[in-house]
Amino acid sequence: MRKLFNRNRKLYHYIILIFLVISFNFFLPRLLPGNPLVNIMGEDISLLTMEEREAVIERYNLNDSIFKQYTTYLRNLVTLNWGTSYSKKQPISSVLWAAAPWTLLLAFSNLVISTLIGIYLGTKAGLKRRKKEDVYLLSGISFISSMPSFWLGMIFISVFSVNLGWFPIYGGYSMWQNYTGISKVIDVLRHLFLPLSTLVILSISNIFLPMRYALIEVMGEDFVFMAKAKGIPQSIIRYKYIVRNALLPVFTVFMLRVGYIFSGSVVIETVFAYPGLGRIMYDAISTRDYPLIQYSFLLISLMVILSNYITDLLYPLIDPRVVNQHENT
Amino acid sequence: MKYKSWKKIFVIMLISIMCITNVAAAHSSVDTLTISIHTDENTLTPFTYVRGYPGIEVARLVFDSLFTLDANNQVIPWMVEEYSVDENFQVYELTLRDDLKWHDGEKVTTEDVKFAFEYALTQNSSRWRRIASEIEEMEILDERNIIITLENSNLDFISNGLADFMIYPKHIYDGVEDATLVEETVGSGMYQLLEYRSEQYYKFKAVEDYFMGTPKVKNITMPIINDSGANFQALRAGEIAATTAQLAPELVETFEGNRNINIKSGPGFGSTLLQFNTEEYPFNDSKFRQAIAYAIDIDELIERITLGYADKGNLGFYHPNSPYGRQTSTHSYNIEKSNELLDMLGFTEKNAQGIRLDAEGTPLEFELLVNGGSAPRSRTAEIIISQLMDVGIKVNIVALEGNTLDDRVWPGFDVSHGRNYEMSIWGWSGPMQLNSDALIRLFASDFAKGNLNIGGYNNDVFDDLAEKFAKTLNLQDRDDLIQEMMEVIEGEVPFLTLYYGETIMAYDSTKYDGWVMQDGMGIINKFSFLDLDTAVAQEGVVSTEVEEVSNNQSSSFPWWVVLVLIIPATLILKRRKNREDDEEVI
Amino acid sequence: MKTLKNLCKSEEKLGLIGIALLVFFLIVALLAPTIAPFDPYERVGKSFDTPSSIHLLGTNDIGQDIFSEIIYGTRFSLSLALLASFIAIVLGVLIGVISGYFQGVWESFFMRLTDFILIIPFLPLVIIISAYFSGSFKNLALVIGLTAWPSTARIIRSQVMRIRSKDYILNLKAMGGRDSYILKRHILREVLPIIVYRFMMMANSAILIEASLSFLGLGSPTIKSWGTILYYAQVRNAFLTDAWVWWILPPGICISLLSVAFLFSGYYVESRLNPKV
């Protein structure tokens, strides 16, 4: 009974959050100074008479009361009638769908690669605690994670693209070549390489630090001493007892990062002119493209909520202790 | 051990990726030109383009207008074969060419023309609406003849209206409520848009039987590269033949060292100016504005910010090369005069920081708004405040995001809504320089006429001249009036035009060399791809070729000497005897 | 023997490096006018000059000395990081303590708010908020501070909840100890090391956020922070010419060093905090 209540409470909590996010997405762009008219009507807007302007404002329902605009927004949201972007003059859904795969490709490969490297190095450092290797790894990874992302990207472009000419400096693929099959894949990979490397280098510490920390904590737990006392072989203790347990908190961090997979990296996408969602959102803000801001924000936020929810659901399955803790609070 | 093997795998992966891809990146065929475009301009129709440049300029390759501006910004008939205008400049009788075709094969008729003007009134685009709303009625005589009657006479209807307004097909747009939703791009221009991928590329194909001749380049691909640096890098790497993006002055030197790349520069019409809110004390006093103008060293701005690639701003706003500009109205830098004027205004006392005080003892301290997203403008502001400090005026820069700045200087894009600033770094785009009524729109105190009067300027003498201007139907009288108005403005300094940045374009001459520079616009225009026999277009080619020589003396000198000798020679020969074309070709 | 070994823990070694770096930057910031050869606002050379004995790192796009800009930039970047993280910490601690100690309606309100802000993607949120403000130094710190507090609030809350249920606090409460007394005397004292640790972490990210915002053109183009130097280097195409070596590399290295200095100092505090580690 109690469990059921708990689960419902969680769900209820998420529904409130979703509603908050949806409303927030509506009000946020409208609170921004400036207005989207110039993007709807073009640069000669000052030449229009007041009536002509009013007519356009009317057509875009920008004159309705905020409440009415809000209900219209809710209705359109539910009916998937997302409308057209003011600045790009294309349906919102097609703008977002064109960009989403690029962001997903970049973010997902980064997620997988940096997680694997992070776990690997984190284990190495944690187990070699108080040895030189740990100091090197910890300081090295802390240092590279403290580099500004755009700066690292710019350095990569200068060195590898401009001076050495190994990689293209912008975009997701060569736009004027009609590659097909394997050469297309290679082309995409070649464009992916630098932005991905930048992201991976900067995100290793996100997994490395919790992994190392968790290992050190687990190593101090009683059951590890017990196992040692029992004479269980070192390698089994290491991988079956320590690493496995240490992976739990890392899982949470991982899921949290899954949530941000859509938000991409505005900065990296800008530096490499990568055609993803982050850039679209950034452009949308500067052009006051209300619908595009709304829906791109919404997409990203919902993704975060969803992955949080999945984490909440999965966690008790992986770590049975959590259930009890939840009931206590 | 493990580290080493990791490294090995990484290196092998890297090398293999590079090897395979370098093989894959084979060069494209000769009849295709790749020109990058620096913004996404949607489907490039008259209703979906985003910016005047490059949007409209590229769209002009796909859509034609009845008249057009040539490389020297002179009006020439385009879709129109013959035309006549009555002495009131109110009734325009046009005859279309007989060989006009839409890209889908349909014939272009006067029905399309009439429809285009009428339909524009139902749409959002302010640019087309403004032109179409001047028309009172249109009478179709037959498929090729139409009479357009304006509500009021307008001397510039051809240059500011018909040479701008793009004609689009009735059979595509008829009955469509929102023109932005039309996905096909069907024009009658020299290039047909084959494919557009949002944020990715455009592909164009030449219209073989175009009425002005077959375009010289068969296919054009335009990748969309939003990042300006990336455009130049692609050009340097030989990936593209040209770009719509203007070359930054600081890159000219680097690019001149590249043997394949040529650089053309010409006057640009976009202006950067110091805008005053003339409704606010003490900016309401023209003496004070003059004092500020004298304190600003524009030459330093030009040298520092544009590295010399700019023309000094004229006090009368019009660029000396614009049809209405004059050479005489230049600004001068004179600190003594500035101090003199400020003393005369009674700002003699100074406080401990050396800032002048007004009669009530308040220091002369002001806010200067600037678009924080524009580096040249914020640098301009930075230099200006240090120059003004020298005459005892303290100015604080407030950097705002572009839209927020618009909201304070030009709320709602309607000057009658008032304004909320003291000074701002502002600018007007190039086409303003081609409008005969620019001064009236900028300075008339009646906001219905002075719809760009963002400084709230009010001057009776100017208003009287503007009144006269509206009634004038004689070109000479009108030009005289413009000169008179300019004189008033020169003395009053409602804003201070700082500089007009030059247009600098770079292209890879090994890929294509037929570029024609259109004054104030750049090299991406119809004339770059057409073999026109009209003198204007040819002259454009010649003058710009000469310019290239000076840029490339070191790298490929002998070649250019030959070219310089040959081109004028061919021109002269061509004009004299048209029949033997083959002979002159190198 | 054992104490000696403990002292040599990785974190503590790094911590000492971090603190040394912080002291170094602090000295540079304080002595900027004496160290810097030129006034960074003065246009002392020709634009885009290459490095020379006069201008160690060349000049920028309007002829200001880049080396002096970087020296002065220490002041802005350091004080901005401190101010921004101070705002974030004050907010985070306040909200964390209130919801952890008092619970009830306020707790659920604040925790929903925290969840909510954590859900909105961070940088876009900062972009939108900074569009409201003009890009002045104070506003920049405010924007970063206002968006960076939730993670601290969460951590502080859980710590306060743990401490609150400790026996001695419960005893104090039973004996009629006033909340304000318990909060000040016991709870704040116990969470203080965590606060210090969080402060270091916040400062670490504040520096990076400021740099990113300036890079995107949302910072203040008129203050001489390291981020602004990089912004101008980028918009004036330094990375297409040789200038990237002297115009882009040095400020980036400074950003990384200062930011890692905070991180290392944070490790030090953390290792003191958690004896198990």
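Lettering follows sequence order; numbering is per chain, from 1. This is a predicted model, so every value here is computed, not measured.
- I62(C) approaches R379(B) most closely through the heavy-atom pair CD1-CD, 3.8 Å.
- Using a cut-off of 4.0 Å between Lys/Arg side-chain N and Asp/Glu carboxylate O, E382(B) and R43(C) are scored as not salt-bridged.
- Residue E253(B) qualifies as open at atom CD: its count of foreign heavy atoms under 6.0 Å is 12 or below.
- Other residues, nucleotides and ligands place more than 12 heavy atoms under 6.0 Å from the OH atom of Y41(C).
- Among the candidates A375(B), G373(B), A248(B), the residue making the largest number of heavy-atom pairs closer than 4.5 Å to chain C is A375(B).
- Atom NZ of K350(B) sits in a crowded spot, with more than 12 heavy atoms from other residues, nucleotides or ligands closer than 6.0 Å.
- Only the side chain of E300(B) comes within less than 4.5 Å of a heavy atom in chain C; its backbone stays farther off.
- Taken from OG in S47(C) to CD in E250(B), the straight-line distance is 10.0 Å, to the nearest 0.5 Å.
- Of the atoms belonging to I305(B), heavy atoms from both backbone and side chain fall under 4.5 Å from chain C.
- Of the atoms belonging to T254(B), it is side-chain heavy atoms, and not backbone ones, that fall under 4.5 Å from chain C.
- At a 4.5 Å heavy-atom cutoff, the contact between L307(B) and chain C is made by side-chain atoms alone.
- With a 6.0 Å radius and a threshold of 12 heavy atoms from other residues, nucleotides or ligands, D242(C) has its CG atom at or below the threshold.
- With a 4.5 Å cut-off on non-hydrogen atoms, E42(C) does not touch chain B at all.
- Residues G372(B) and Y231(C) share a closest heavy-atom pair of O-OH, 3.4 Å.
- When every heavy atom of R236(B) is checked against every heavy atom of L240(C), the shortest pair comes out as NH2-O, 2.8 Å.
- The nearest pair of heavy atoms linking G45(C) to R304(B) is O-NH1, 2.6 Å.
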